[in-house]
Amino acid sequence: TLIPDGFIPSTIELRDGYSTFFGYGYEQIYRTTLNCDAEIVQNFDFLTKGLSVSIKGAYDNRFNLTKSRTANGWRQEYQRAYYKSYLEDPTKPQTDPDYDKTIVYIPASEAAPDYSKDQPLNYSENDYGRDRNWYIEAKINYSRSFGASGDHKVSAMFLYNQSRDYYPVAGGGTFQYIPRSYVGYVGRVTYGYRNKYLVDVNIGYNGSENFAPGKTRYGAFPSASVGWVLSEEGFMRHQNAISYLKFRASWGRVGNDLSGARFMYMPSVWSQNGSYSFGINNPNSLEAYGEGTLGNTDVTWETADKQNYGIDLKFFNSRLSATFDYFIEHRTGILISPESTPSIIATALPNLNIGKVDNHGYEVSLGWRDKIGKDFTYNVDANVSFARNKILYMDEVPKQFSYMNQTGGSTGRQTGVYNYIRLYQYSDFITGADGELTLKPELLIRRYIRVTPCTPTSTETTSWTVMTRA
């Protein structure tokens with residue numbers, strides 16, 4: 001329908017421009033945050049130089065509350081726009097020379113009191129943004145240098161820590177109000193000779209409430225690293241090109257306890273599941289109970305053995321720097337759901353620590369730092385990294401074609417797809433006596449799928465159909 005310029009159909013409801021933004025309600029967000037940290041350090045140099053004891057504690061509390069006031073459906077308050085003459089006489093045509101096109105805004109509740117009255121705003125609250133946790137540690141630390149020039153530097157540390165998170169599952173979920181707790185012991189010894197030969201040995205013994213007490217709850221995670229600062233050697237001091245050169249290597253084992261559901265070591269729960277009748281032609285049924293997912297008393301830490309080999313370089317009075325790292329990771333004990341179990345087992349099996357994944361890669365970084373004048377300092381940095389992993393084992397049932405298997409490929413790789421070979425060509429079909437085209441028998445992959453070319457148009461000489469394996 002064509003509308004003449006300057007005319008507005010009286011059948012269309014016009015609103016003021018503010019109706020898009022006003023009358024829909026509002027939100028009030030309240031945030032309360034409390035962070036407390038305290039540490040006490042006591043030196044015991046009167047017993048032996050370099051010995052100290054410290055106690056540290058932290059407490060964090062956070063609470064978010066959102067109050068929402070929203071409009072009651074379409075009944076939010078707004079203003080309608082009318083021509084003045086329309087309000088005086090709705091039947092008067094706009095083509096009348098005396099038609100007054102002055103725009104008048106009237107609240108919707110007054111224009112149609114039975115249809116769009118003011119309604120009270122709805123009210124709702126959302127208080128899931130809460131968190132409360134604490135952390136404590138006690139540490140014995142020892143650091144001392146020996147020798148006439150302090151050539152030998154030795155340090156040792158023993159630490160005990162404990163933590164608790166009272167709302168471990170954000171936004172609700174299972175066990176959201178059951179606190180998550182950790183206990184850990186850490187030991188560390190370091191040795192350095194003239195800042196040239198460096199050795200660092202660590203071990204952590206950590207406990208998680210996700211694993212069975214007295215069995216798999218605690219795990220030991222050792223690590224060690226060595227370093228050689230070649231630029232500190234005597235024969236390197238007679239050159240100016242290399243300011244710093246260090247070779248380093250490290251190995252360590254880390255653990256993860258958050259790869260599955262909580263408390264998987266506990267027995268499964270029986271719950272009501274359907275009904276069952278005893279005897280023959282017995283119409284009376286009794287409640288039946290089924291066992292849920294079985295417990296796994298052997299569930300334990302997922303571990304990763306990591307190796308890192310690196311070189312640190314600085315040139316031209318430390319203005320140009322370069323770093324190279326090569327890493328290898330072997331992850332075992334990954335919690336996965338077994339696939340090879342036959343379906344005749346009438347219950348859900350728990351996740352098992354049977355997955356294995358390898359990962360390797362490298363990272364290279366370059367940097368330039370310099371000064372212009374006395375007050376202007378600048379730096380430019382660039383880096384490149386590469387990483388690739390491979391699934392070694394995941395208890396996978398072999399698929400019809402090897403490229404569909406996840407084992408042997410990268411994690412997160414898309415599987416269950418089709419493998420493209422080529423496009424069917426018109427010459428791949430045989431013309432029968434009745435003129436019907438049939439795919440050549442040697443090209444059939446799945447016998448129960450019929451493949452025929454589409455009818456070519458006047459400009460087409462070849463019909464294409466994707467040839468795939470599924």
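By convention here, the first residue in the shown sequence is residue 1.
Here the CG atom belonging to D312 is positioned 9.0 Å from the OG atom belonging to S321, to the nearest 0.5 angstrom. For the atom pair W228 CH2 and K246 NZ, the distance stands at 13.5 Å (nearest 0.5 Å). Residue H330 holds its NE2 atom at 6.5 Å from CG of L392, rounded to the nearest 0.5 Å. Distance CD1/I328 to CH2/W251: 13.5 Å, rounded to 0.5 Å. Rounded to the nearest 0.5 Å, atoms CG (N43) and OG (S54) are 10.0 Å apart. The structure places CZ of R31 at 11.0 Å from CG of L65, a figure rounded to the nearest 0.5 Å.
At a threshold of 4.0 Å, the pair R369-D381 counts as salt-bridged, since one of the basic side-chain nitrogens sits closer than that to a carboxylate oxygen. At a threshold of 4.0 Å, the pair R319-D370 counts as salt-bridged, since one of the basic side-chain nitrogens sits closer than that to a carboxylate oxygen. Ion pairing between a basic and an acidic side chain is recognised when a charged N comes within 4.0 Å of a carboxylate O; D151 and K196 show no such pairing.
Remark: aromatic rings of H360 and F327 are distant, center separation not under 6.0 Å. Between Y276 and F278, the ring center distance clears the sub-6.0 Å criterion.
Remark: side-chain polar atoms of S155 are not paired, donor with acceptor, to backbone N or O of S143 under 3.5 angstrom. The main-chain N or O of F235 is never found under 3.5 Å from a side-chain atom of E233 such that the two would form a donor-acceptor pair. With hydrogens and angles disregarded, no donor-acceptor distance shorter than 3.5 Å links the side chain of K153 to the backbone of T190. Proximity of a side-chain donor or acceptor of S243 to a complementary backbone N or O of S318 within less than 3.5 Å is detected. Remark: the backbone N or O of T48 is not paired with any side-chain donor or acceptor of R144 at under 3.5 angstrom. Side-chain N or O atoms of R253 include none that pairs as donor or acceptor with a backbone N or O of I203 at under 3.5 Å.
Residues N210 and W301 are not in side-chain contact: their nearest non-hydrogen atoms beyond the backbone lie 4.5 Å or more apart. Side-chain contact between I336 and I354: present, with at least one pair of heavy atoms (C-beta onward) separated by less than 4.5 Å. At least one side-chain heavy atom of L258 sits less than 4.5 Å from a side-chain heavy atom of R180. For the pair I430/P441, a side-chain contact is recorded, criterion being any heavy-atom separation below 4.5 Å from C-beta on. Counting heavy atoms from C-beta on, the side chains of D60 and D131 never come closer than 4.5 Å. Residues I391 and E396 are not in side-chain contact: their nearest non-hydrogen atoms beyond the backbone lie 4.5 Å or more apart. Side-chain contact between Q28 and R69: absent, with no pair of heavy atoms (C-beta onward) separated by less than 4.5 Å. Put simply, the side chain of F315 reaches to within 4.5 Å of the side chain of I242, judged on heavy atoms.
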*Begin with the C-alpha distance, continue with both residues' side-chain angles, and end with the deciding distance and a verdict on side chain to side chain donor-acceptor pair (under 3.5 Å) for E287 and Y289.*
CA-CA 7 Å; E287 290 184 347; Y289 283 79; 3.1 Å; yes

*asked:* As a quick check of understanding, evaluate side chain to side chain contact (heavy atoms under 4.5 Å, CB included) for D298 and K215, giving each step before the final call.
replied: CA-CA 8 Å; D298 294 324; K215 191 173 184 181; 2.8 Å; yes

*How far apart are the C-alpha atoms of K56 and D37, what are their side-chain angles, what is the distance that settles it, and do they pass the salt bridge (Lys or Arg N to Asp or Glu O under 4.0 Å) test?*
CA-CA 8 Å; K56 181 179 180 179; D37 293 276; 5.5 Å; no

*Should K399 and T407 be marked as a side chain to side chain contact (heavy atoms under 4.5 Å, CB included) after you check the CA-CA gap, both sets of side-chain angles, and the distance that decides it?*
CA-CA 10 Å; K399 305 298 189 297; T407 304; over 6 Å; no

*Kindly indicate, with the supporting measurements, whether the criterion side chain to side chain contact (heavy atoms under 4.5 Å, CB included) is fulfilled by T216 and Y265.*
CA-CA 10 Å; T216 59; Y265 66 90; 6.0 Å; no

*Give the C-alpha distance, both sets of side-chain angles, the deciding distance and a yes or no for side chain to side chain contact (heavy atoms under 4.5 Å, CB included) between R331 and N359.*
CA-CA 8 Å; R331 187 173 293 270; N359 186 24; over 6 Å; no

_Working for side chain to side chain donor-acceptor pair (under 3.5 Å), residues N353 and T300_ = CA-CA 7 Å; N353 294 99; T300 187; 5.9 Å; no

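Pairing each heavy atom of F221 with each of T303, the nearest pair is CE2-CG2, 4.1 Å. The shortest heavy-atom contact between T323 and R248 is CG2-NH2, 3.5 Å. In terms of heavy-atom proximity, E209 sits nearest to P179 at OE1-O, 3.1 Å. Summarising the geometry of G150 relative to S145, their closest heavy-atom pair is CA-CB, 4.1 Å, with the distance given to 0.1 Å. Smallest separation of non-hydrogen atoms from L313 and I311: CG-CG2, 4.1 Å. Minimum heavy-atom separation, D325 to N308: OD1-OD1, 3.0 Å.
Counting only residues at least two apart or on different chains, the side chain to side chain donor-acceptor pair (under 3.5 Å) pairs with a member in residues 198-208 are R188-D200, D200-N202, S208-D257.
A donor-acceptor pair shorter than 3.5 Å cannot be found between the side chains of T33 and R62. With hydrogens and angles left out, the side-chain atoms of N133 and Y135 include no donor and acceptor closer than 3.5 Å. Y393 and D395 form a side-chain donor-acceptor contact under 3.5 Å, judged by distance and modelled atom types alone.
In this structure, L34 places its CG atom where more than 12 heavy-atom neighbours from other residues, nucleotides or ligands lie under 6.0 Å away. Atom CG of D434 has more than 12 neighbouring heavy atoms from other residues, nucleotides or ligands inside a 6.0 Å radius. Within a 6.0 Å radius of NZ in K371, no more than 12 heavy atoms belonging to other residues, nucleotides or ligands are found. Atom CG of N383 has more than 12 heavy atoms from other residues, nucleotides or ligands within 6.0 Å. Heavy atoms from other residues, nucleotides or ligands lying under 6.0 Å from OH of Y123 number more than 12.
Residues passing the ring pair (Phe, Tyr, Trp, His ring centres under 6.0 Å) test with F263, sequence neighbours excluded: F175. The side-chain contact (heavy atoms from CB on, under 4.5 Å) test applied to V183 returns Y160, Q162, Y185, Y218, not counting sequence neighbours.
The aromatic rings of Y362 and F324 sit parallel, their planes meeting at an angle under 30°, below the 60° perpendicular limit.
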